[in-house]
A.B. asks: 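Sharing a structure with you now.
This structure is a prediction, so every number in the text was calculated from the model and none was measured.
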Amino acid sequence: MRRGNLACSSTRESTAAGSTVERATAEVFAALAGGETVAVCCERTTESVLAAVGVTYLAHAEPHRVRLVATDEAQVRIGEKIVALGDGDDDSVVALAKRVFTGFEKRCGTICARRVVLACASDESGMPEIVHRYLRLGFSEGKRLYEDVAAPEALAFAKLVQRVSSECEHTRQFVRFARLPDGTFVSVFEPNENTLPLVGTHFARRMREDRFVVVDPGHLVAIFHEPGDTTCAVVGLDEDTAATLAARVDETDERERLVQALWQKFYRAMELPGRGAASRGYDLCASWMPKRFWHGLPELGGRP
Amino acid sequence: MDKLTKLGILAEAARFDAACTSSGVTRGPREGMVGDACASGLCHSFSADGRCITLLKVLMSNACSYDCAYCVNRRGVSCPRATFEPRELAELTVDFYKRNYIEGLFLSSAVLGNPDNTTERMIACLEALRGEFRFNGYVHAKVIPGSSPELVDRLGRLADRLSVNLELSSRASLASLCPDKNARSVMAPMAQIATTRHAEEQALLDSPAGKKALARRRREKGSHVSEGMQVTSVGARYTLGRPTSAVPNALRKFVPAGQSTQIIVGATPEDDNHILQLSKSLYDHYGLKRIFFSAYMPMVEDSRLPDRETPVPLRREHRLYQADWLMRYYAFTPDELATPSRPWLDLDVDPKLAWALAHMDAFPVEVMDASLETLLRVPGIGPVGARRILAARRTRRLCVDDLQGLGIAFKRARYFVTCGGKRDLSAPLDPELIRQKVVSDAAGSKYNATRRHAEGQLSLF
């Protein structure tokens, strides 16, 4: 296998990459030298996954002797050593992740690199290893990666991207804001994947002049926007703060309740006779609008 | 009358319009303004019957002076009447938009007195929306047949998309059911919109901004970015056989998202071949972006119309949409889908499969060397799948398992393809057997099982 840009310049720069990366690299290197296979444990963040891939290259690991695994699903195999990379807050981790991302983008193109960011937002079991294999395929094939859509690594990766893209679309569709008396718009949304950081710009474009916050209590993430900003700030939350923010959607006033009543009235008026689930054969509304979102949709009588 | 009651009446009166898309134009956010527009559109909700809700679709008024036989708002019908104040509707649009309920406004109206009076009221609403409320989102406005050209022009500079509803697909039907309208009053604004858009395109092509955008578009067309989009994006971007606009819609000031129309299906005797021929002609002559088909819903008693107990022709509507899609994205002609001698679309199988079964001499197709046009004729292979095959076969020899991974509906395609010279030996070759198999598979599907369970019997048509 040909080596990509990253592997060519690896060892001599590893010291500059910092302590966490250096320690993890040394542990991987030692385990491999001792005849073991290695599972590198990472967090489910773009930074952590990309840095873990970087560590496997820095340690000159042969692909069949190393795998990536998310911390929340790590199970050691016989003859395997677990190496924990730690979270993405470490500067060395972020720096290595940037380096991997830049190298991959340069070698395979912007579109492939963007798809890596999408895939890393997936909650799917085995995500880090799927991304790892795709990155290795990319560093090996270069620009041909984009056209090699039938490669097994690309097919598994495409499924992740598809899931996250679809959930991003659900987020753009089904987030519902409630206006608080102070003029702030608040929403609580619980997607299956960690989509809020990916759709912040979309909402910033829509509501450029408004102050708003969207909270995801499942992933403990929120996006905040101040009037005039072109992007949203993405903030990780603890459980108490997430619950406090989420509770704010109930602080609505009379005018907000009127707007919600108007929306419910409009929604009910849109239904046409003779085209419902019985005539059509299945519930098209439920198939387009998954039931897991219904509790947050005012038109379906849920909480705003 | 309070706003809640008014909205109920005017939304219910507008629900028969099939169009509810916010697609066709990309417009970025602007300082001090509310919203943006995205060419791919976005559905924010789905009504209980499954239709998407993208826009606040309402009538300005349902107090109609006309007497179209099929219409629930006709002047002879006894029903509650209401009319929005222009500012009231503009404010409601922004309220809904900011809560992420909608992408914008779909504004139609009954004929309030006369067409010009109605259009002026609609313009007042859009001026308040764009001016006072600084709304930068999507607006679709309906042109009232008979409106003066000056007002149509003003409306087109405030809305993103205009539509003139044809409603009935022949002059005879129009004369019979719509005594206050005539073909000219419907076609004239459609022609005006097409002509004005064409003139604007020519002017833009000569302007510095137009030349710059054109150069960028040419660069992207030949770049890796464009190539990449072909294998990952939605098929709707890729048309065969239809000219696309030379300038980006974002540069246009007049109806940037183009025009559309609606045809009612099942209220009058015109066959599918007639409707498809008419659709093709409208696409070619007026550059329409979409034609919406609305299955006739018998809501009013009239001897010229089907009985009120007649089921809504949902499956016919569905087949017409499929045929329309084949004409727009697969370069099928109307006569290939429904011939003058067999003018009705097959309700049992989709139009592409029906065409393939009637042209078995064109199959099987070898996926390793077939052209894009040939692949697109295979049932189960769509615009994205066909392009993925083209990309993937450059790097590896494909097998059947690869096809399934590329998003090809192999269950449908297997009768019509070979892969590396091999075909699925369990797939029959005889068209009648294929048809029986497809129909029996469909009858046993979850879709039909659920339908039978829900209703006790089939009643789609």
Side-chain angles (χ1 to χ4, degrees), chain A residues 109-112 115 143-144 146-151 155 161 169 172-179 185 187 203-210 228 230 258-263 265-285 287-289 297-299 304, chain B residues 3-4 7-8 11-12 15-16 28-29 31-36 42-53 56-58 92 95-101 224-225 227-229 231-232 295 297 311-312 314 388 391-392 394-396 398 402 405-406 446-448 450-451 454-455 459-460:
Chain A
T110 307
I111 293 176
C112 289
R115 297 179 83 213
K143 292 283 193 287
R144 283 191 300 125
Y146 203 85
E147 292 188 343
D148 197 3
V149 285
L155 287 173
V161 174
E169 183 73 355
R172 288 187 285 262
Q173 289 177 293
F174 303 129
V175 159
R176 295 287 184 266
F177 287 103
R179 189 176 186 277
F185 288 87
S187 174
F203 288 110
R205 286 168 64 93
R206 269 181 79 90
M207 297 170 66
R208 178 64 61 85
E209 302 303 318
D210 290 294
T230 55
L258 172 64
V259 174
Q260 287 172 10
L262 285 164
W263 172 239
K265 185 84 170 177
F266 171 75
Y267 178 80
R268 283 196 293 272
M270 280 292 106
E271 184 181 356
L272 280 172
R275 304 180 72 114
S279 308
R280 196 181 287 279
Y282 59 100
D283 191 345
L284 194 55
C285 173
S287 81
W288 286 118
M289 212 156 43
L297 300 173
E299 63 266 37
Chain B
K3 202 193 261 189
L4 199 63
L7 177 65
E12 203 168 298
R15 66 189 164 151
F16 297 94
E31 200 176 336
M33 299 193 78
V34 177
D36 65 348
L42 193 64
C43 297
H44 282 281
S45 194
F46 294 85
S47 63
D49 58 68
R51 292 174 313 135
C52 86
I53 297 174
L56 170 59
K57 184 159 58 178
V58 287
L92 185 63
D95 275 342
F96 280 7
Y97 186 88
K98 286 194 170 186
R99 285 152 183 85
N100 207 39
Y101 297 164
H224 182 65
V225 173
E227 177 73 12
M229 291 300 284
V231 287
T232 57
M297 226 159 299
V312 180
L314 281 182
R388 282 182 179 159
R394 283 186 211 132
T395 52
R396 61 180 66 219
L398 300 176
D402 292 331
L406 293 176
K446 190 179 167 194
Y447 163 84
N448 281 307
T450 314
R451 192 178 66 194
E455 207 175 40
S459 70
L460 267 184

A.B. asks: What's the verdict on side chain to side chain contact (heavy atoms under 4.5 Å, CB included) for A:E299 and B:F46, showing C-alpha distance, side-chain angles and the deciding distance?
C.D. replies: CA-CA 10 Å; A:E299 63 266 37; B:F46 294 85; over 6 Å; no
A.B. asks: Might you point out which heavy atoms bring B:D49 and A:M270 nearest each other, and give the distance in Å?
C.D. replies: OD2-O, 3.9 Å
A.B. asks: Ignoring hydrogens and angles, tell me if any N or O in the side chain of A:E209 forms a donor-acceptor pair with the backbone of B:G32 under 3.5 Å.
C.D. replies: yes
A.B. asks: Taking all heavy atoms of B:L398 and all of A:A150, pick out the closest pair and write down the distance.
C.D. replies: CD2-CB, 4.0 Å
A.B. asks: Pick whichever of A:L155, A:L258, A:V259 has the most heavy-atom pairs under 4.5 Å with chain B.
C.D. replies: A:V259
A.B. asks: Flag the one option from B:V34, B:V58, B:D95 with the top tally of heavy-atom pairs under 4.5 Å to chain A.
C.D. replies: B:D95
A.B. asks: Within this structure, what is the CE-NE2 distance for the pair A:M289 and B:H44, rounded to the nearest 0.5 Å?
C.D. replies: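 Output value for this atom pair is 12.5 Å.
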A.B. asks: How many angstroms lie between atom CD of A:E169 and atom CG of B:L42, to the nearest 0.5 angstrom?
C.D. replies: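 These two atoms lie 5.0 Å from each other.
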A.B. asks: At a 4.5 Å cut-off on heavy atoms, which part of B:T395 comes close to chain A: side chain, backbone, both, or neither?
C.D. replies: side chain
A.B. asks: Out of B:K98, B:R99, B:K3, B:K57, return the one with the most heavy atom pairs under 4.5 angstrom to chain A.
C.D. replies: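 Counting heavy-atom pairs under 4.5 Å, the top option is B:R99.
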A.B. asks: Has A:R208 got a side-chain atom pairing as donor or acceptor with B:M33's backbone, closer than 3.5 angstrom?
C.D. replies: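 No; judged by distance alone, with no hydrogens or angles, the pair does not exist.
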A.B. asks: Which bit of B:L92 is near chain A, if near means a heavy-atom gap under 4.5 Å: side chain, backbone, both or neither?
C.D. replies: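 Just its side chain gets close to chain A.
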A.B. asks: Counting only heavy atoms closer than 4.5 Å, note whether A:D148 contacts chain B via side chain, backbone, both or neither.
C.D. replies: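 It is both, since atoms from each part get that close.
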A.B. asks: Side chain, backbone, both or neither: which part of A:A204 has a non-hydrogen atom closer than 4.5 Å to chain B?
C.D. replies: neither
A.B. asks: Parallel, tilted or perpendicular, judged at 30° and 60°: which one describes the rings of A:W263 and B:F96?
C.D. replies: perpendicular
A.B. asks: Does any backbone or side-chain atom of A:F185 lie under 4.5 Å from a heavy atom of chain B? Answer side chain, backbone, both or neither.
C.D. replies: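 Contact with chain B: side chain only.
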A.B. asks: Looking only at heavy atoms, which two atoms of B:Y101 and A:P298 are closest? And how far apart?
C.D. replies: OH-CG, 3.9 Å
A.B. asks: Rounded to the nearest 0.5 Å, how far does CZ of A:R144 lie from CZ of B:R396?
C.D. replies: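 It is 9.5 Å, given to the nearest 0.5 Å.
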A.B. asks: How long is the straight-line distance from CD of A:E147 back to CZ of B:R388, given to the nearest 0.5 Å?
C.D. replies: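 Reported value, rounded in 0.5 Å steps: 13.5 Å.
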A.B. asks: Looking at every non-hydrogen atom in both residues, tell me the closest pair between A:E271 and B:R15 and how far apart they are.
C.D. replies: O-NH1, 2.5 Å
A.B. asks: Determine the option with the most heavy-atom pairs under 4.5 angstrom with chain B, choosing from A:Y267, A:F203, A:F174.
C.D. replies: A:Y267
A.B. asks: Does B:N100 use its side chain to pair, donor to acceptor, with the backbone of A:V175 at less than 3.5 Å?
C.D. replies: yes
A.B. asks: Locate the shortest heavy-atom distance separating A:R176 from B:S45; write the atom from each residue and the value.
C.D. replies: NH2-CB, 3.9 Å
A.B. asks: Given the ring of B:Y97, does A:R206 sit roughly above its face, with NZ or CZ under 6.0 Å from the centre of the six-membered ring and within 45° of the axis?
C.D. replies: yes
A.B. asks: Would you mind reporting whether A:L272 and B:R51 have side-chain heavy atoms less than 4.5 Å apart?
C.D. replies: yes
A.B. asks: In terms of heavy-atom pairs under 4.5 Å, which option from B:G8, B:C43, B:G405, B:A295 contacts chain A the most?
C.D. replies: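 Answer, by heavy-atom pair count under 4.5 Å with chain A: B:C43.
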A.B. asks: Identify, with sequence neighbours excluded, every residue that meets side-chain contact (heavy atoms from CB on, under 4.5 Å) alongside B:L4.
C.D. replies: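 Residues passing side-chain contact (heavy atoms from CB on, under 4.5 Å) with B:L4: A:A261, A:L262, A:K265, B:D2.
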